[in-house]
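One structure below.
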Amino acid sequence: CFQNIDTFLCRCIGTNAVVARNEATRKDETDEKDERKPLHAVRVERQEQAERSVLISCHSGTNEKKFLKYLSRHGVIKKYFFYESYGVYAVVEFANRESVASLFEEATIPSVSNDSIVPFKSRLLSLRNLSSVDSLNKQSDYQCQPQTTIPINELIQKLSREESIDHQMTSLTEAYQLTEENSRLRFLVCSLLKDIAVAYFPECTIKPFGSSVNGFGKLGCDLDMFLDLDGIHGWNVKMPKSGLSLEFQMKRANSERGVTQSILSVVGECVDQFEPGCVGVQKILNARCPLVRFSHQPSGFQCDLTANNRVAMKSTELLYLYGELDPRVRSLVFTVRCWARAHSITSSIPGAWITNFSLTIMVLFFLQTRRPPIIPTLDHLRELAGPADKSVIEGNDCTFVSDFSKIQLQTNTETLERLLCEFFDFYATFAFSKMSINIRKGKAQNKPEVAPLHIQNPFETSLNVSKNVNTTQLQRFVALCQESSWLLHQSESNMPRDGETATPWGLATLLLPSQVTGIKSCKKRRQEPASERIRSLLESLKGVPVLPHQGG
Ligand code: GTP
Ligand code: MG
């Protein structure tokens, strides 16, 4: 869609608009060259884009050209795209915010005969076509941008056509990662929700965190949001030393947690009662990290809104930074996350499973232990930090460098295939009973407490991020690492096949249903003839189930 916009705008709104767009595009292109911006810079840009955007529910026969012509009466359209989720929607980004105001001037209030309406005007609109002659028998001419991943059996076939395991891993990453359009939609949903929250806190922002922005998100992953009140003017202003001054009278509460709970309760209530498109609102205020959970139907996102969760924001920035340091990091994380989900090592339901966050830390730790290391330790990133990077949250030192140019990487030329194989070997034999995984030091440390799996929380260092994991789940993970390592060592399952037949091989074989039911010992399996193993794996492909979506 983006590629055609110049032609469309030329026809619809004349040359000036196109000049404006071309300038904007040039700016975007320049921005794209500067690939390694810190996450906060990316976020500012995306938030600003979202503020100038609207989300429009369209009817299926919408004519793209007429639609653009109609909207461009309100100003220059910078970007737009269509997608499907319980109907067809368009995201339209204007070049200026005034265009949204102009559009609001013209939009009408729905006339309903029996129901009553909540008079809250949001940037979620519906396209109405009153000229019935025009809308009848018209074929839609827009192209929808996919917002979900391909089913696992299609992925397996796609990977089977690749010529090397390295290509398979890159191809998996490309198929699963968030698209440009999906990222925009995530920021737009945050921006729409902010429009409600500002009724109480005019200076607040709602920021996405977790896999929506850390570079490891899979299409269809949940949208974690943080209601940020730190920007409230005066919060950080120093007390004057002498003379008169004024301070706000503010209501007091027993604890910061209490404040967070009451803010989330009120904002959650508003989302439930007033925000169009938000359904199934649940307030989970007694959780360790209080949250409001709901589904945003127009985008199809499962949303978690939190407040006062600044450490999670820092973890997100750290993961993003690691993912940007070397392309192998993201490919290995995507591959391991997909493998883990295919074997139900991770789950969308909370429980004793390893979470995607823990799994990502495990991959990062493994990459720190390579010789030479592929990524530096968190302690090293802290040493490189400048004064502006200093961050202490609730007594926890969350400081690390944000300027990519200060980070010197060592030369490690290992292939993705080798890293995947070594990852499975590493965790198939890791001393989980004694050692803790620690990305601050990049070295296993003695476990400080009893837990089947101990992964030190990078910023709240006395906490274990995998405290929920039980022995059974850890054993399943180890058994699957052994099995996958074994499979990758088999030349039979490891040879690229004829691209036409798409017979599973390499990484595709690892995503097939596992033969480790219960926990067989690896030794026993090694005695089976490899051909038998492969044959039964291939047989099982016929019944590969389509997995439900899960968070990343
Ligand atoms: P998916 O949603 O599964 O794709 O991955 P995610 O990284 O978004 O994980 P999740 O939605 O569970 O959590 C969102 C963010 O909260 C993570 O990226 C972390 O920054 C943070 N987080 C999640 N679990 C933990 C935990 O156990 N400890 C800490 N400190 N932070 C966590
Ligand atoms: Mg998430």
Side-chain angles (χ1 to χ4, degrees), residues 39 43 148-149 173 176-178 182-183 186 189-190 207-227 284 287-296 299 301-323 329-330 333-334 336-342 344-364 378 391 393-398 400 436-440 451 453-469 473 547-552:
L39 182 56
R43 190 182 270 133
T148 51
T149 55
T173 310
Y176 267 25
Q177 70 193 353
L178 302 186
N182 194 266
S183 296
R186 284 169 189 272
V189 171
C190 289
K207 297 172 173 168
F209 71 100
S211 60
S212 294
V213 283
N214 67 14
F216 301 116
K218 169 186 154 190
L219 279 173
C221 69
D222 66 354
L223 173 56
D224 302 294
M225 289 175 283
F226 169 67
L227 172 66
I284 311 170
R288 190 181 75 85
C289 180
L291 67 116
V292 177
R293 176 165 288 172
F294 55 93
S295 170
H296 185 260
S299 62
F301 295 143
Q302 181 65 36
C303 303
D304 278 352
L305 177 66
T306 57
N308 195 15
N309 194 9
R310 277 166 290 159
V311 177
M313 299 296 287
K314 274 286 162 190
S315 322
T316 302
E317 279 173 32
L318 179 69
L319 261 48
Y320 170 84
L321 181 125
Y322 275 129
V329 179
R330 290 184 66 240
V333 170
F334 269 97
V336 170
R337 278 187 174 209
C338 176
W339 164 86
R341 186 65 183 93
S344 306
I345 291 285
T346 51
S347 166
S348 52
I349 309 158
W353 294 273
I354 298 177
T355 62
N356 271 331
F357 181 62
S358 297
L359 204 54
T360 308
I361 304 264
M362 289 170 90
V363 175
L364 297 178
L378 177 51
S391 164
I393 302 170
E394 289 156 22
N396 299 300
D397 186 0
C398 301
F400 60 91
S436 161
I437 290 162
N438 186 316
I439 61 162
R440 206 157 251 292
L453 175 61
H454 196 281
I455 303 174
Q456 191 198 52
N457 184 322
F459 297 119
E460 294 162 290
T461 52
S462 61
L463 302 179
N464 172 12
V465 298
S466 54
K467 202 175 164 186
N468 62 315
V469 177
Q473 291 307 320
L547 292 172
H549 279 303
Q550 60 113 31

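Predicted, not measured: the structure shown is a model, and the values here were computed from it. Positions are given from 1 along the sequence. Atoms within each ligand, like the ligands themselves, are counted from 1 in listed order.
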Check: Arg288 N/O within less than 3.5 Å of ligand 1 N/O: no
Of all N/O/S atoms in Asp222, which lies nearest to the Mg ion (ligand 2)? OD1
Evaluating non-hydrogen atoms only, which member of Leu319, Val465, Asn457 is closest to atom 30 (N) of ligand 1? Asn457
Check all N, O or S atoms of Asp224 and name the one closest to the Mg ion (ligand 2). OD2
Region of Met313 that comes within reach of ligand 1 [heavy atoms, distance under 4.0 Å]: neither
Evaluate side chain to side chain contact (heavy atoms under 4.5 Å, CB included) for Ser315 paired with Glu460, printing each intermediate quantity in order. CA-CA 10 Å; Ser315 322; Glu460 294 162 290; over 6 Å; no
Check each atom of ligand 1 against the heavy atoms of Thr316 and keep those under 4.0 Å away; list them by number with element. 20 (O)
Just how far is it from atom CZ of Arg341 to atom OG of Ser347, taken to the nearest 0.5 Å? 5.5 Å
Considering only heavy atoms, which of Phe216, Phe209, Phe357, Phe226 lies nearest to atom 31 (N) of ligand 1? Phe357
Does Ala312 come within less than 4.0 Å of ligand 1, judged by its heavy atoms? yes
Closest heavy-atom pair and its distance - Ile455, Met362: CD1-CG, 3.7 Å
Is any side-chain heavy atom of Glu394 closer than 4.5 Å to one of Asn308? yes
Should you measure from each heavy atom of Ser315, which atoms of ligand 1 turn up under 4.0 Å away? 20 (O)
Parallel, tilted or perpendicular for Phe209 and Phe226, by the 30°/60° rule? perpendicular
Step by step, would you call Phe216 with Val329 a side chain to side chain contact (heavy atoms under 4.5 Å, CB included)? CA-CA 10 Å; Phe216 301 116; Val329 179; 4.1 Å; yes
Val213 versus Tyr320: any side-chain heavy-atom pair under 4.5 Å? no
Atoms of ligand 1 close to Cys221 [distance to a heavy atom under 4.0 angstrom, numbered from 1]: 4 (O)
In Å and rounded to the nearest 0.5 Å, what is the OG to CG distance from Ser211 to Leu319? 10.0 Å
Which atoms of ligand 1 are found less than 4.0 Å from any heavy atom of Asp224? 8 (O), 11 (O), 14 (C)
